[in-house]
Amino acid sequence: MSRKTRAGALVSLLFVSLCTLAQNKAQLRTSDTEITLEASDDAPRLTKFAFPGQPEWQNRNSEALIPFVVIEGQQTPCAWKLNSEASKVSEHQVVFVYESQSPHLRLSWEWRTRQTFGPLEHQIRIENLDTREIWIPMQDALAVDWQVDAKQPLQQIFVEKGANTPSNIGTHDVPIADGFHWTGTSSTYGDLFENQPREIIPWTLVQRNDSAHSGWYGGIEFSGRTRISIKREKDSLKAVFGLNPDPGPFHSRLKPGETFESPIVFFGGFRDGPDGAGNILRPWVRAVLGNPETWKDPNYPLVVNNSWGGGMQVNEEIAERMIRDSAELGVDMFHIDAGWFRDVGDWYPNPQKFPRGLAVISDDAHKHGLKFGIWVDWTQAGLSTQPGALNARDPKVRDWMVTDIPADWKPEPFKGQTIDIGDPEAKQWAEHEVDRIITDYHLDMLEHDGYLVAHGCDRTDHPHAAPDPLNKCVYKSSGAYFVDSTNSTDVSYHAVRAYYEIYSEMRRKHPGLLLEICNDGGRMVDFGTAAHGDYFSITDTYDPLSNRRAFYDTSHVLPAAMLESYVEKWPTPRIENFRYMLRSGMMGWLTIMLDTSAWSAEQHAEAKEEIDLYKKELRGLIRDGSLYHVSPRPDGVHWDGIEYWDAARKKGVVYAFRGSSEAEETHAFMLQGLDTTARYRVKFHDRGAAETATGRDLMGAGLKLTLSQPNSSELVFIELAK
Ligand SMILES: [Zn+2]
């Protein structure tokens, strides 16, 4: 179903004024998610959830509100009581307000609809109305206990981040049997540290194993340390979403007047399995979390030429040559990766490489009709003593580092020591520096990399909780110092909020600016960054298989236009292999990271044609089409493919990839989303052939392809026959 047809769907709401309502109940509804809410005297509850036409899910538990706070070291119980006057029920929003008189706190339990379709959002806010500083324990964002039939087969789907390299599984599809217990975690670090499970994109889906494959999904709009857990015991299915309580105990400071905000959780219903859910969620992310300024540009997602094909070598001469070649190839943006700056933390152009600075490079790109962007690791300190540099040894900023740095420490070529931007002074410096970089270098795009949110911090004078000295670990990894302690989740809570504030401010000051979320390749892929940035580097391994695997996983939950693949040098003895390499990165946002001057004339002409095809035929479908995973996850050996179908354009495309197997010349893809009775014109781009077929054929017997070469590809365009 396209976004346009869903926009016409009816939103209705059983509106009842809280004060006249005997049972304090309210309902909120979108075209695919209906919930019933109830406010009892001492706790609120999500009582029921349903996808229209499918059996309801009944929740047995009220929300557990924090039972105590700590004031001056003393545990003080909270006595929560519904405040009906302060509570609100309106067309798109329900807020049940609970108050505790002593300690004096106000808790708002909110649900809201942001669109006529898609999931609802939920958040809990706790405001300190007391005159004293208080410390609150963990408040989960959402906890439910669904009553399920003990014999009902249930299935869970979750997807990993493409952090560093996509794993061999990536998309997990697991039965939820009696005794099932799972926890998935997310932070800004992916699987950087050994002996930790791979991080998930903070989202999961549970479906009934029946013919409708209906169920619910939920995700977290926050980039700090979060977790989702699911537990089944016979007829009970518990799900919890929120900040990660481990390592605990978590506590967070609230000064008088301050408010703790749980991560926003979205929760919605679907049928027709994970693609049914994805074709609701992706347009919802675009409409609700996406930046309207960005989506308004018909050239989004862009085609980019990035300088990392030559590593740190980039200089003015290389940049100007790349700009000329980018313009010739029809690329939309020229992107200078790491290597342009004086030093880590010293974000000024290296005068040996860029004697006239970066603004002239940007102006040159603009003259050639290109946008211009750069890589920056803006929360990293180094050792440069130049004016304007962030020097880890400078006594004025030493306290911003997450721990005291030993005297023998040195930064790596493009990685330094992370500062804690949760500290207000550090944040103020970073905000000013990011603004200066955007302004001085005439940027259209800023890519952030490195670990810009502190993993942990052992400072006792920052707004976050202090670490537990008896449960603290300081260690060196990838050339920088990291801290692990009981306060790590609270450190990330403050730093991520500072990061969001800085990026919101940059968007306000620089409309049209694009923000790339890189963070060491695919480690920060979540729904909080989706709301504060424009596109994601989805993995840090750039061969065709890794690009397709990371895309396969991530495209279950995020709009394809936001998913950037970097295409790097790969053996391409035949032109078919060259096209396969390019197209493996052309299903979402395409960034070329190759030395294009090393291409043969044939490769150059081929790339130009593919970029033209991307801009004319593929980009619109990537932006607006429904997406179907019409093969198992790519393994590089067998065939794999992705289908787009745009109901409004009455057009679609199948990206077909043949793997390395010598034996598999032919394959049939079972298409989805078509009308069984309609006739479609099927056009094989490379083969130059066309045929017609019914929707029933294409979805039943399948779309049949023959490719004579291993590691080759085809683009099959499908159009409703007139
Ligand atoms: Zn700190």
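Counting starts at 1 for both ligands and their atoms, following the listed order.
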Sole candidate of H556, K161, E160 that passes side-chain contact (heavy atoms from CB on, under 4.5 Å) when paired with I201: K161

For E261, the option from Q139, R125, R497 that meets side-chain hydrogen bond (donor to acceptor under 3.5 Å, both in side chains): R497

Backbone of E425 reached by a side-chain donor or acceptor of Q428 within 3.5 Å: no

Heteroatoms of the protein, restricted to N/O/S, which lie under 2.8 Å from the Zn ion (ligand 1): D420 OD2, C457 SG, H462 ND1, H464 NE2

Exam field: side chain T539 to backbone A163, donor-acceptor pair closer than 3.5 Å: no

Ring-face cation of R114 near F266 (centre distance under 6.0 Å, axis angle within 45°): no

Ion pair K415/D520, N-O distance below 4.0 Å: yes

